> 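Below are the structure tokens for one structure; questions will follow.
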Amino acid sequence: MSHSPYPQWQPWQQGPGVPQPWAGQAGSPSMLASHADRERAIDVLRSGYGEGRLEKSEFDRRVARAYAARTVGELALLVADLPQGPVPHAPVPVGVPPAFLPLPPRTRTNGKAVAAAVCGGLCLFTAGLTGIPAIILGHSARSEIRRTGEEGDGFAIAGLVLGWLSTAGWVLLFMVSFMVAAASGG
């Protein structure tokens, strides 16, 4: 009876004496190792060394043996006591710095509130003629701001205060003038 150079088992067989493939590899431990097989084994060794599972001297010896290995089985023995790849760590939550977040949508400033503030500011230059429009626009703007949620309440109040001060100044001036005219008899 002649001895065959081929194994006496078939790939679909299982049991004792039947070689098992290296994790993730197709074929038997007696299969010749390729350059890619050696590099994968060395990557596992590097991960083990990087995680502190191997000392430098042991890592160097195993890498030298991996480059000298002829079969997949020899490579499997070199990495048998190491996890096949880096151990997964809990992901570190990465937040986006506020400088890179989009700006929140700005609400509009009420146009009547801006007009009330402008009219109130012009009261000084127009001898109070823009006081009454400032009051009307200020009240209207505050009403719209409460209803719509727009911005500009400060502008509306500024227009109201300046408008009322201007109007009160004119009323006071007329009253003083009337009193002076009545007192002088004329």
Side-chain angles (χ1 to χ4, degrees), residues 23-25 35-60 62-63 66 79-186:
Q25 298 293 319
H35 293 298
D37 293 330
R38 288 184 192 87
E39 290 302 319
R40 276 192 292 273
I42 291 171
D43 285 342
V44 171
L45 292 172
R46 281 188 190 124
S47 294
Y49 177 67
E51 293 169 353
R53 298 177 188 274
L54 298 173
E55 293 180 1
K56 177 69 171 144
S57 59
E58 183 179 1
F59 170 72
D60 291 337
R62 287 190 187 198
V63 168
V79 296
D81 59 343
L82 297 173
Q84 302 296 309
V87 176
H89 298 285
V92 178
V94 178
V96 177
F100 296 111
L101 291 174
L103 293 174
R106 294 190 59 181
T107 55
R108 280 187 59 227
T109 301
N110 187 288
K112 289 181 181 176
V114 173
V118 169
C119 286
L122 290 176
C123 284
L124 300 172
F125 304 108
T126 62
L129 292 176
T130 57
I132 293 181
I135 294 170
I136 294 170
L137 288 170
H139 282 295
S140 178
R142 294 206 63 210
S143 173
E144 284 182 14
I145 289 170
R146 279 192 295 271
R147 188 170 26 90
T148 63
E150 291 177 314
E151 303 233 347
D153 196 42
F155 287 137
I157 291 174
L160 282 170
V161 168
L162 293 173
W164 278 115
L165 284 175
S166 171
T167 304
W170 276 106
V171 168
L172 187 61
L173 181 66
F174 282 134
M175 287 179 64
V176 168
S177 300
F178 181 70
M179 285 186 184
V180 168
S184 65

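Predicted model only: the values in this text are computed from it and were never measured.
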> First locate atom CG of Asn110, then atom OG1 of Thr148, and finally report the distance between them rounded to the nearest 0.5 Å.
6.0 Å
> Taking Ala127's backbone N and O only, do any of them form a donor-acceptor pair with Trp170's side chain (distance below 3.5 Å, no angle check)?
yes
> Between CZ of Arg38 and CG of Leu45, what distance do you get to the nearest 0.5 Å?
13.5 Å
> Looking only at atom types and distance, does a side-chain atom of Ser166 sit under 3.5 Å from a main-chain N or O of Leu162, one as donor and one as acceptor?
no
> Might you point out which heavy atoms bring Cys123 and Gly163 nearest each other, and give the distance in Å?
SG-CA, 4.4 Å
> I need the minimum non-hydrogen distance between Tyr49 and Leu54, along with the two atoms involved.
CD1-O, 3.3 Å
> Hey, could you give me the OG1/CG distance between Thr130 and Leu124, rounded to the nearest 0.5 Å?
8.5 Å
> Supply the atom-to-atom distance Cys119 SG to Leu129 CG, rounded to the nearest 0.5 angstrom.
11.0 Å
> From Lys112 NZ over to Ser143 OG, what is the distance, rounded to the nearest 0.5 angstrom?
8.5 Å
> Can you see which heavy atom on Gly120 is nearest to which on Ala134, and at what distance?
N-CB, 3.6 Å
> So, does Ser177 use its side chain to make a donor-acceptor pair with the main chain of Leu173 at under 3.5 Å?
yes
> Is Leu165 atom CG crowded by more than 12 heavy atoms from other residues, nucleotides or ligands, each under 6.0 Å away?
yes
> Between Leu82 and Arg53, is a side chain to side chain contact (heavy atoms under 4.5 Å, CB included) present by the stated rule, with each step listed?
CA-CA 8 Å; Leu82 297 173; Arg53 298 177 188 274; 4.0 Å; yes
> I'd like to know whether Arg40 forms a side chain to side chain contact (heavy atoms under 4.5 Å, CB included) with Val44, so could you lay out the CA-CA distance, the side-chain angles of the two residues, the decisive distance to 0.1 Å, and finally the verdict.
CA-CA 6 Å; Arg40 276 192 292 273; Val44 171; 5.8 Å; no
> Considering residues at least two apart in sequence or located in another chain, which fulfil the salt bridge (charged side-chain N to carboxylate O under 4.0 Å, His left out) criterion with Glu58?
Arg62
> Using every non-hydrogen atom in the two residues, find where Ala113 and Ile145 come nearest and quote the distance to one decimal.
CB-CD1, 4.2 Å
> Set out, in order, the CA-CA distance, both residues' side-chain angles and the distance that settles side chain to side chain contact (heavy atoms under 4.5 Å, CB included) for Arg46 and Phe59, then state yes or no.
CA-CA 8 Å; Arg46 281 188 190 124; Phe59 170 72; 3.9 Å; yes
> Could you tell me whether a side-chain N or O of Ser140 sits under 3.5 Å from a main-chain N or O of Ile136, the two making a donor and an acceptor?
no
> Within the 4.5 Å heavy-atom criterion, are Ile135 and His139 side-chain neighbours or not?
yes
> Does a donor on one side chain and an acceptor on the other come within less than 3.5 Å for Thr107 and Glu151?
yes
> List for me each residue that meets side chain to side chain donor-acceptor pair (under 3.5 Å) alongside Arg142, sequence neighbours excluded, and say none if there are none.
Asp153
